[in-house]
Amino acid sequence: MRSVVRVAAYVPAGSSGGVRVAASDEDAFTLGATAVERAWGARDVPSEPVVVHLLGDYPAMADWGFPALLGQKAEVLRHPGNADELARTLHEVEELDGGPVFLVATEMPERDAHHEGSSPAATGAGSVAYLLERSARGKPFPFEHVGTARSALTLALNRGNPTGAGVEPPVFVGDWDLPGGTGRPVSAELIRRAAERDASAVSEGAYVPRARYLENLPSRWRLVAEECDNCHEMTFPARGICRRCRRRDTLATVPLPRDGGLVVAITTIGKGGQPTEFDDQVESSGPYSVALVELAEGIRTTLQVTDASPGEVRVSDRVNTLLRRLYPMEGEWRYGRKAVPAPSGAAERDGR
Amino acid sequence: MLRSFNESVHKTVREAAALAHRAAIVGAGHTRFGVLDAGPRALVRSAVESALRSVDKGADRTDVGEAMLATLGFGGSQIGNSAALLAEEAGVVGVPVTRVENACASGGFALRSAVGALAARAGPLVLVVGVEKMTDVSNARRRYWLGVSGDTEWERLAGLTFAGVYGLIASRYFVEHGDASQALAEVAAKNHENGALNPNAHFQKRVSRAEVLAAPRVADPLGLYDCCPVSDGAAALLLCAPELARKYTDAPVYLDGLGAGTDFLAVQERASITRFRATQRAAHEAFRSAGWHRSDVSFLEVHDCFTIAELLALEDLGFVGPGEAAALTLSGETRRDGRLPVNPDGGLKAKGHPIGATGVSQAYEIFLQLRGEAGARQVAHAGHALAHNVGGAGATAAVSLFSVG
């Protein structure tokens, strides 16, 4: 029998009328992806394929999105998320042998922020939370924010353990202690627009061919750099050549830290200064900031700032990164990392 | 006998001097820059005809042995094979024409290619034309095209066009060297003042520093008056080998040094955010090849697509050290009557920036200034000039050095 080793939740930072809601650049995939990243942590890439059970409906991402996010061979199984399906899924999980298993439950943003009715994925998340409480052997499980609001939950399960003996209680990662209603205000109108926005709409935006988009996902989603064994220079994004000594045969891939990046330059784009593919976003949520963020010494990337007001993040602040929607291209959403203020970022800048 | 000896000495001296020159400009033409009724073909035709007319001793289009067309193809009109468009409008169908596209640096690189063609014995004349038609496209299409020459995968997908990228650069410049907003405003005010004297300029009105600082922000810390306009326009040059120059004019302008360089497309990959290595490399190559010192230069035409870019240019070209361009600008030394005039034609800021035309237009201004034909905006004692043309936010750059020989 398997046991839960790590539990990660992601609860959106926005709120509308005291209800936790997803921002306009969040969807089921980004919610689930963020929870998966938290559960995945900084662990080494295992040699066995990872099995991901998805409770909820994101067909376009199941076949390549989660494997790309995890950066390795992954079998992704989709489940509609109702209670019967969930019981069967958990049974399957227990029967499975082999490598790490993730169970991901996520809830889609809804048109009406105040609608509290259960959706299949919410039911799934709630049920998982219940089972988790049992598996946590009496440890109180703070799932009041999970399964009822827009949120995502990921469970990492260990290898099969027939006796269950010596199993440690799971590690909890996430927004458990966030009291409800402290999230940034998000208008119900914005949520409605986000839900209505259609990935199939024709975008006259920057053209990044799909093949190039997929090929670059290790750098874009997982922040993978290349370190040169010859001169020890790091090159990001990875492009198969060392930017200092220009050798191709001495490179090893290294993941960069996803959190705690340093803002080295920042600008706020005024209305009308945005590229056309961001018109919708500016129309619904106003001007945004874009930062150059140093992820490691001398390694920088360009990130739009989200979950923050324009001008709020400043040079020398620390930011974390999250996977979010960028814009639709050729009938599908394109995703990439965005920066969010790190909880202690401003304090550090002000020397507090 | 003596007379023939003298003539022969003069000829030898002239030929030796000619060896130091890479090429000669014997004619130059320019259209008005701004929001124009003319389409791209009419603009090309007009610039070519004015260049041919400007040749003092006359030039015929049949002398044109090769041509270069600098254009981004803004809006997507005749985006492929536009070389043939130039051949048709210049009346030189049959001769080889090459389109040179390095975004906003297309003109500077086309000039470089023309010198290369002369070295390969094309000629006797090589025609260089830069053109862009930008104002007749829809708002959405224009904003799409304004971003196509930046880094698409990181900067554009984070929500940046060039104003945004230069906004980032300016924000970093302020961190490294202190708040330079007064110097940025002075760049705009100075270039508008010069533009007010240029009958071809898009904007021919003065703006005050206070107006620049009060304008709406486009990409903080850059405001509306920190950005060059979107303009239509064309410019043309006629080049020949230095030893042929006096067949066409008694007042040729010589190209003495050429340099160019590239850098990573995205600023995030560069060693410095506030220095353009492409410009540094181009300047180094140009000065070395001409055997000039910085102190030889009488005035500059630099790529001020955004006010911050003029400060970066002065530093990267080696006229001042890092962070020192702000003080130089505020001292008034870069005004038309200063010690080192910068952008006497108004620069991209006031004259306008029809993308492919800009680098060619810089050489046009230098042609007039070095011949003493710049009228009200004439710079005193102009004998040596530098043109600096940047593609995008520094991914490509070309530097050219000109003299009266």
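Below, read A as the first sequence line, B as the second, and so on, with proteins coming before strands; counting in each chain starts at 1. Nothing here was measured: the structure is a model prediction, and the numbers come from that model.
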Handout entry: side-chain contact (heavy atoms from CB on, under 4.5 Å) partner of A/I269, the single match among B/T161, B/L160, B/D220, B/V218
Key = B/L160

Handout entry: A/S219, part contacting chain B, at a heavy-atom distance under 4.5 Å
Key = both

Practice task
Pick one of side chain, backbone, both or neither for A/Y213, based on which atoms fall under 4.5 Å of a heavy atom in chain B.
Solution key: neither

Handout entry: Contact class of A/R239 relative to chain B, heavy atoms under 4.5 angstrom
Key = side chain

Problem - Pairwise distance CZ(A/R300) to CG(B/L168) - rounded to 0.5 angstrom - result: 10.5 Å

Problem - Residues B/E155 and A/T302: side-chain donor-acceptor under 3.5 angstrom - result: no

Practice task
Using non-hydrogen atoms and a 4.5 Å limit, figure out which bit of A/L303 sits close to chain B: side chain, backbone, both or neither.
Solution key: backbone

Practice task
Answer yes or no: is there an ion pair linking A/R212 with B/E153, defined by an N-O contact shorter than 4.0 Å?
Solution key: yes

Exercise for the section: For B/R277, look at atom CZ and say whether over 12 heavy atoms of other residues, nucleotides or ligands are found less than 6.0 Å away. Expected result: no

Completion exercise
If one checks every heavy atom of B/F174 against chain A at 4.5 Å, the contacting part turns out to be neither

Handout entry: Minimum heavy-atom distance A/Q304-B/A158, with the two atoms named
Key = NE2-O, 3.0 Å

Practice task
Give, as side chain, backbone, both or neither, the part of B/V267 having an atom under 4.5 angstrom from any heavy atom of chain A.
Solution key: both

Practice task
Find the distance between CD1 (A/I299) and CD (B/Q268) and round it off to the nearest 0.5 Å.
Solution key: 9.5 Å

Exercise for the section: Locate the shortest heavy-atom distance separating A/E277 from B/R156; write the atom from each residue and the value. Expected result: OE2-NE, 2.6 Å

Practice task
Find the distance between CG (A/N216) and CG (B/L157) and round it off to the nearest 0.5 Å.
Solution key: 10.0 Å

Handout entry: Structural part of A/R220 lying under 4.5 Å from a heavy atom of chain B
Key = both

Fill in the blank from the handout: In terms of heavy-atom contacts, A/P275 and B/G159 come closest through CD-O, 3.3 Å

Problem - side chain to side chain contact (heavy atoms under 4.5 Å, CB included) evaluation trace for B/T152 with A/Y207 - result: CA-CA 8 Å; B/T152 306; A/Y207 180 59; over 6 Å; no

Problem - Among A/G273, A/G298, A/P237, residue most engaged with chain B (heavy-atom pairs, under 4.5 Å) - result: A/P237

Problem - Proximity breakdown for B/V148 and chain A, heavy-atom pairs closer than 4.5 Å - result: neither

Exercise for the section: Examine whether an atom of B/A271 lies under 4.5 Å from a heavy atom of chain A, and if so say whether it belongs to the side chain, the backbone or both; otherwise answer neither. Expected result: backbone

Practice task
Taking B/S171 for its side chain and A/A265 for its backbone only, find out whether a donor-acceptor pair lies under 3.5 Å.
Solution key: no

Handout entry: Other residues, nucleotides, ligands: >12 heavy atoms within 6.0 Å of A/F278 CZ
Key = yes

Practice task
Please report the shortest heavy-atom distance between A/G272 and B/R143, naming the atom on each side.
Solution key: O-CD, 3.5 Å

